[in-house]
2 protein chains.
Amino acid sequence: MTTNQADDALLALAQSFREALRQSVYVMRRLDSEEQLSSAQLGVLKMALDGGARVGGIARNLGVKVPSATEQIIKLERAGLVKREADPDDSRAVRVAATPAGRAAVENADRRRNEFIAGILGTLSQAERDAVQAALPVFDKINNSVQN
Amino acid sequence: MTTNQADDALLALAQSFREALRQSVYVMRRLDSEEQLSSAQLGVLKMALDGGARVGGIARNLGVKVPSATEQIIKLERAGLVKREADPDDSRAVRVAATPAGRAAVENADRRRNEFIAGILGTLSQAERDAVQAALPVFDKINNSVQN
DNA sequence: TCCTAACAGTTAGGATACCTAAATATCAAG
DNA sequence: CTTGATATTTAGGTATCCTAACTGTTAGGA
């Protein structure tokens, strides 16, 4: 039946997709292992760049629970990369802002990581890069589905 | 200059790609959180299906160090999903083989995870699925580059 | 034959990131 | 002014990974 064929194709794609996911985790780990700033911390730091991210928002955006975000924020604070200050409008809340050192750290980390990945992407054919390019927005969409 | 333009494009693609990687980690975590078998364990178990995977091979294939593989293997053994036996040809080595229960566990876990992902893929347009499909081999290639 | 270097795996110890539950403080509505 | 909801932190625990050190086996000379 047509439906089952469609399902089978979908399941086969899902299987391959899962394989790619597993690999992504591995690539991410490699990327992290060469750096001082973990990707979790880099994620927090980037959200603190605009000057007033709240802990809950950071956690939501990062796909982790609030205590996990707090943990990273504390580490960054101890490293002098962000500062925490009371939200003037809501004393329950905390605003996390990158310090100048934090800003510099983001730029450095981002650049190095991008160069590493760009180095790999540079070995691909243009068609392959186009394929990646075309898939990225879809990945974004998939993530949002999962985010739920 | 042409070279710099190409570099810039590559770096921009790298940036987007990294964003997708970050999301992948998140999706993977979600996928894992709903299951009994972690994806690390599922990976080990799959390699044990053919009956005689060695610890070192499993570690290499999984992109982790040998002690990390051992750790997962021990957990699987305690759960009755694999058994360890001496390699008849080389007494230093250990052969890891899935038990019938292990085999069943893989099938179950794989099916459930594939269905979860297929459910998401099913909400996409055909063009979007094609884009994913086309990008998967490239992801594979990128992974192999990183594996180094 | 025996020694030694290389190799396969396990054990021990430690780091990191994540989670849930409980505690603290503030806000907002009645 | 009380009470329930909200924002964050603290406490405690889990999983995965890592490096270094240890045990046992193999293989290639001297």
Side-chain angles (χ1 to χ4, degrees), chain A residues 21-22 24-45 47-48 52-79 82-97, chain B residues 21-22 24-45 47-48 52-79 82-97:
Chain A
L21 276 188
R22 191 175 77 72
S24 298
V25 171
Y26 177 67
V27 172
M28 201 63 172
R29 198 148 55 214
R30 258 306 164 79
L31 214 48
D32 264 21
S33 73
E34 336 231 337
E35 297 286 333
Q36 314 77 335
L37 223 48
S38 74
S39 71
Q41 285 167 7
L42 184 53
V44 170
L45 203 39
M47 279 179 263
R54 286 169 52 155
V55 178
I58 290 173
R60 216 169 309 115
N61 210 304
L62 235 52
V64 300
K65 300 298 177 186
V66 172
S68 303
T70 296
E71 190 176 344
Q72 298 309 327
I73 291 165
I74 289 173
K75 281 182 188 167
L76 289 170
E77 189 176 42
R78 279 205 274 260
V82 302
K83 51 187 195 310
R84 284 191 285 185
E85 33 201 30
D87 186 322
D89 301 335
D90 181 346
S91 318
R92 293 171 301 179
V94 167
R95 300 220 155 258
V96 181
Chain B
L21 276 188
R22 193 176 75 73
S24 297
V25 172
Y26 177 67
V27 172
M28 202 63 170
R29 198 145 56 211
R30 260 301 165 80
L31 214 47
D32 265 21
S33 73
E34 336 232 337
E35 296 286 333
Q36 315 77 333
L37 222 49
S38 74
S39 70
Q41 286 168 4
L42 184 54
V44 171
L45 203 39
M47 280 179 261
R54 286 170 53 156
V55 178
I58 290 174
R60 217 169 309 116
N61 210 304
L62 236 54
V64 299
K65 301 297 176 188
V66 172
S68 303
T70 296
E71 190 177 346
Q72 298 306 329
I73 291 165
I74 289 173
K75 280 182 190 171
L76 289 169
E77 190 176 44
R78 278 206 273 261
V82 303
K83 51 190 196 307
R84 283 191 286 184
E85 35 202 29
D87 186 321
D89 301 335
D90 184 345
S91 316
R92 291 171 302 179
V94 167
R95 299 219 157 260
V96 181

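Any value given below was found using the heavy atoms of this structure, including those in side chains, with hydrogens, waters and symmetry copies removed.
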Quiz prompt | Distance (rounded to the nearest 0.5 Å) between Glu35(B) CD and Arg30(B) CZ | solution = 13.5 Å

Quiz item: What is the distance from CD of Glu85(A) to C1' of dT8(D), rounded to the nearest Å?
Solution: 16 Å

Quiz item: What nucleic acid atoms does Ser33(A) come within less than 4.0 Å of, heavy atoms only: base, sugar-phosphate, or nothing?
Solution: nothing

Practice problem: Identify, between Asp89(A) and Gln41(A), the residue whose nearest nucleotide on DNA chain C lies closer to the 5' end. | Solution: Gln41(A)

Quiz prompt | Met47(B) side, atom CE; Arg60(B) side, atom CZ - distance, nearest 0.5 Å | solution = 10.5 Å

Quiz prompt | Nearest atoms (heavy-atom pairs only) where Ala40(A) meets Leu62(A) | solution = O-CD2, 3.9 Å

Quiz prompt | From CD (Gln72(B)) to CG (Leu42(B)), nearest 0.5 Å | solution = 11.5 Å

Quiz item: Among residues 63-72 of chain A, which residues get a heavy atom nearer than 4.0 Å to DNA chain D?
Solution: Val66(A), Pro67(A), Thr70(A)

Quiz item: Tell me, for nucleotides 1-6 of chain D in 5' to 3' order, what letter each nucleotide earns: B for a base near a protein heavy atom under 4.0 Å, S for only sugar-phosphate near one, - for neither?
Solution: -----B

Practice problem: Give the first and the last nucleotide of DNA chain C, reading 5' to 3', that has any atom under 4.0 Å from a heavy atom of chain A. | Solution: dT16(C) to dC27(C)

Quiz item: For Val55(A), which residues count as a side-chain contact (heavy atoms from CB on, under 4.5 Å) partner, sequence neighbours excluded?
Solution: Val66(A), Ala69(A), Thr70(A), Ile73(A), Val94(A), Val96(A)

Quiz item: Just how far, in rounded Å, is P of dC17(D) from CG of Leu62(B)?
Solution: 7 Å

Exercise. Could you pull out the closest heavy-atom pair between Arg29(B) and Val64(A), with the gap in Å?
Key: NH2-CG1, 3.7 Å

Exercise. Could you state the atom-to-atom distance from CE of Met28(A) to C1' of dT16(D) in whole Å?
Key: 16 Å

Quiz item: Does a nitrogen or oxygen in the side chain of Ser91(B) sit under 4.0 Å from OP1 or OP2 of dT26(D)?
Solution: yes

Quiz item: So which heavy atom on Ser24(A) is nearest to which on Leu21(B), and how close?
Solution: CB-CD2, 3.6 Å

Quiz item: Which angle, to the nearest 10 degrees, lies between the helix axes at the two ends of the helix from dT1(C)-dA30(D) to dG30(C)-dC1(D), each defined by five pairs?
Solution: 0°

Quiz item: Within this structure, what is the CZ-to-P distance between Arg30(A) and dT16(D), rounded to whole angstrom?
Solution: 20 Å

Quiz item: Roughly, in whole Å, what's the span from CG in Asp87(A) to P in dT8(D)?
Solution: 8 Å

Exercise. Can you tell me which residue pairs pass the side chain to side chain donor-acceptor pair (under 3.5 Å) test with a partner in residues 82-95 of chain B, sequence neighbours excluded?
Key: Glu77(B)-Arg84(B), Asp87(B)-Arg95(B), Asp90(B)-Arg92(B)

Self-check item: Spacing between Arg84(A) atom CZ and dT10(D) atom C1', to the nearest angstrom
Solution: 11 Å

Quiz item: Heavy-atom distance under 4.5 Å between the side chains of Ser39(A) and Met28(A), does that happen here?
Solution: yes

Practice problem: May I ask you to say what Arg95(A) touches in the nucleic acid, namely base, sugar-phosphate or nothing, with a heavy-atom cut-off under 4.0 Å? | Solution: nothing

Quiz item: Which one of Asn61(B), Ile58(B), Leu37(B) satisfies the side chain to side chain contact (heavy atoms under 4.5 Å, CB included) criterion with Val44(B)?
Solution: Ile58(B)

Quiz item: Whole Å only: how far is the CD1 atom of Ile74(B) from the P atom of dT16(D)?
Solution: 13 Å

